[in-house]
Amino acid sequence: MADGKTRERIVADLMSSPVVTVASDETVADAARRMTEKRVGSVVIVDGAKPVGILTERDMVRFAASGTDAGTALVSEWMTPNPDTVDPTKGVAEAFEALAENRYRHIPVVSDGSLVGIVSLRDLMKISQIVPVEAPAADVPRGLEGVVVAETAIGDVRGTEGFYHYRQYDAVELNRKRSLEDVWHLVFVGFLPDAGQAKEWMDRIRPLREIPDEVRPLLSEIATLGETFKPLEALRSSYSALAAALGYGPSLDISHDELFEQAMRTCAVIPTLLMALWRLRNGQEPVEPHPDLGYAANYLYMLKGEVPSEKEAWAIERYLISTIDHGFNASTFTARVITSTGADLGSAVVGAIGALSGPLHGGAPSRALDLINHIEKPENAEPMLREMVEQGDRIMGFGHRVYKTEDPRSRLLRDVAEELNAGRIDLARHIEQTAVKVLDDLKPGRKLYANVEFYGGVVMEACGLPPEMFTPTFTSSRVIGWTAHVLEQAADNRLIRPAAQYIGPPPPQPVPEKEL
Ligand code: ACO
């Protein structure tokens with residue numbers, strides 16, 4: 001903090017007291033009523049004079065997004081338990097730093113174990129003279145949880161129901177009844193094709209699977225770069241070269257039809273690029289796409305050079321369809337942000353591949369399979385999972401930002417793995433049941449279940465895909481969703497440009513002269 005006066009102020013000078021409190025057996029509706037009446041952004045949950053939790057506006061947004069009944073849900077299920085606290089004698093600067101570092105907005109003030117007040121980031125900002133010069137931006141929860149940032153007609157996810165849809169159809173029912181090409185048509189064009197339209201669609205896709213001649217010679221160089229092969233890094237480099245070679249211009253400057261054609265080509269060619277890169281890295285010649293095979297069978301064919309069994313093609317098609325689109329997930333949002341700048345489709349897809357590659361998003365299925373391998377036997381599941389969560393590690397393939405009940409994709413893929421008689425299905429099922437119990441025990445109220453990645457890995461392994469190709473397989477279906485969103489964004493565009501709350505040292509401070 002810059003000025004001497006600020007340094008002398010202590011938390012007791014600016015905290016609010018008395019504090020608005022609720023007891024842990026009161027309901028979320030009681031807490032909301034009290035927050036509204038007293039016009040405060042948080043309530044402290046107390047046991048006598050001792051603070052045992054805090055419930056903030058951020059928790060309320062999370063709660064509202066869950067669709068739970070506020071009249072019956074207890075604050076104890078939604079509060080942050082054992083919140084960090086601050087001593088009233090602590091200097092304002094120090095308290096400000098603690099809040100900023102931990103990204104808290106409110107912190108209870110506690111003296112000798114008793115609650116004596118509460119301070120907010122806003123109070124500390126005022127005293128530190130960090131006053132925004134313009135109207136403050138709307139306060140949104142971290143990670144944009146539950147925030148609506150656009151309109152879409154492509155699909156949506158209903159987290160508390162465990163339901164998701166593509167256009168107007170239940171995505172699980174579509175998956176059971178239709179082919180990947182049909183669903184691609186639905187997502188791109190807006191309706192399911194009849195037999196004639198499906199044939200035309202397939203005829204349109206077939207030549208687009210071919211890798212353009214100017215890109216082919218680059219692939220072996222890209223595939224053999226680096227000590228370890230990271231297929232998504234190789235994909236983004238080779239796809240970027242393809243977009244440059246085909247002259248994909250800024251979406252702002254081209255027609256919808258041109259952008260649509262580029263999106264078609266992108267979705268058709270990405271599986272071919274991926275399999276060519278994989279084979280080249282492994283010293284094998286790429287396998288050309290098979291003109292008579294549908295998307296899923298051709299996918300496995302280009303990997304192994306053999307026509308897969310019907311069951312394998314069926315199983316991988318179920319996985320691919322299940323992952324085409326899923327609301328405003330991080331990679332789809334990335335693609336839309338990039339498109340909103342008017343940039344080319346190639347940039348949007350490369351950015352989305354990067355976002356998907358992270359372990360908190362699409363990078364989890366091989367890690368989930370590693371977990372199954374690591375646990376090895378049913379009797380290891382409980383102690384190993386418990387230890388992981390107690391140490392603060394995440395169980396890969398569990399938890400979801402939107403689903404607060406079973407992920408319908410996980411249920412679907414568990415059935416597929418069972419149908420395939422996948423080698424690990426019994427152990428996987430046992431681990432799933434144990435993990436749900438352990439998470440409920442150690443992370444009560446968070447509602448953590450298996451997500452798409454858990455059984456996704458089991459299905460892909462059973463179809464002969466190497467673990468390194470799990471996330472790339474996810475990419476090759478999700479690109480259909482990304483590019484549908486690119487088309488939708490470009491058709492009705494406004495630059496996506498949010499704001500951030502500045503929480504660093506108060507500006508402007510004098511810039512120290514350069515030492516000579
Ligand atoms: N294992 C253990 N604890 C977990 C897990 C998990 N898999 N997931 C969430 N939690 C806990 C968190 O530690 C946190 O606990 P806390 O309140 O004590 O701090 C609480 O649940 C809420 O977690 P957040 O990180 O706030 O939830 P968020 O919505 O941001 O995260 C995510 C969702 C990233 C998917 C998370 O559940 C996770 O890391 N899972 C493991 C990775 C994974 O499976 N990723 C694939 C997701 S599916 C997809 O993208 C296609």
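Whatever order the structure lists them in is the order used to number ligands and atoms, beginning at 1. What you see is a predicted model, and the numbers here were worked out from it, not measured in a lab.
Residue contacts with ligand 1: L439 is placed with no nitrogen or oxygen under 3.5 Å of a nitrogen or oxygen of the ligand (distance criterion only). For ligand 1, one of its N or O atoms has an N or O atom of G397 under 3.5 Å away. Between N451 and ligand 1, at least one pair of N/O atoms sits closer than 3.5 Å. In terms of polar-atom proximity, K404 is not counted as a contact of ligand 1, lacking any N or O under 3.5 Å from an N or O of the ligand. For ligand 1, the polar-atom distance check finds no N/O of G362 at less than 3.5 Å from any of the ligand's N/O atoms. Residue E453 has no N or O atom closer than 3.5 Å to an N or O atom of ligand 1. Residue contacts with ligand 1: K443 is placed with a nitrogen or oxygen under 3.5 Å of a nitrogen or oxygen of the ligand (distance criterion only).
Contacts between N329 and ligand 1, counted as non-hydrogen atom pairs separated by less than 4.0 Å, are absent for every part of the residue. Both the backbone and the side chain of H361 come within 4.0 Å of ligand 1, counting heavy atoms alone. Contacts of A368 with ligand 1, taken as heavy-atom pairs under 4.0 Å, are absent altogether.
Within ligand 1, counting atoms from 1 as listed, the ones closer than 4.0 Å to a heavy atom of F474 are 51 (C). The atoms of ligand 1 that sit less than 4.0 Å from any heavy atom of G399 are 35 (C), 37 (O). If you number the atoms of ligand 1 from 1 as listed, the ones under 4.0 Å from a heavy atom of V452 come out as 51 (C).
Ring planes of H326 and H400: perpendicular class, angle over 60° (limits at 30 and 60°).
Here the CD1-OG distance, from I118 to S42, works out to 3.5 Å after rounding to the nearest 0.5 Å. Between the CZ atom in F470 and the CG atom in L465 there is a gap of 6.5 Å [rounded to 0.5 Å]. Distance CE/M460 to OG1/T473: 5.5 Å, rounded to 0.5 Å.
Summary of contacts: the protein heavy atom closest to atom 38 (C) of ligand 1 is R394 NH1, 3.3 Å.
The option from T80, L442, I395 that lies nearest to atom 1 (N) of ligand 1, judged by heavy atoms, is I395. Taking all heavy atoms of R446, R478, R142, H400 into account, the minimum distance to atom 17 (O) of ligand 1 is reached by R446.
Enclosure of atom NZ in K304 by more than 12 non-hydrogen atoms of other residues, nucleotides or ligands within 6.0 angstrom is indicated.
For the residue pair E317 / Y299, no side-chain donor-acceptor distance below 3.5 Å is found, with atom types taken as modelled. Between the side chains of Q489 and N493, at least one donor N or O sits under 3.5 Å from an acceptor N or O.
Side chain of R281 to main chain of A223: a donor-acceptor pair is present (N/O by atom type, distance under 3.5 Å, no hydrogens or angles).
Taking a distance limit of 4.0 Å, we find that atom 22 (C) of ligand 1 is approached by no protein heavy atom. Counting protein heavy atoms under 4.0 angstrom from atom 28 (P) of ligand 1 gives one or more.
The ring of F454 has its center closer than 6.0 angstrom to the ring center of F398.
Ligand 1 has P359 within reach: a non-hydrogen atom of the residue lies less than 4.0 Å from it.
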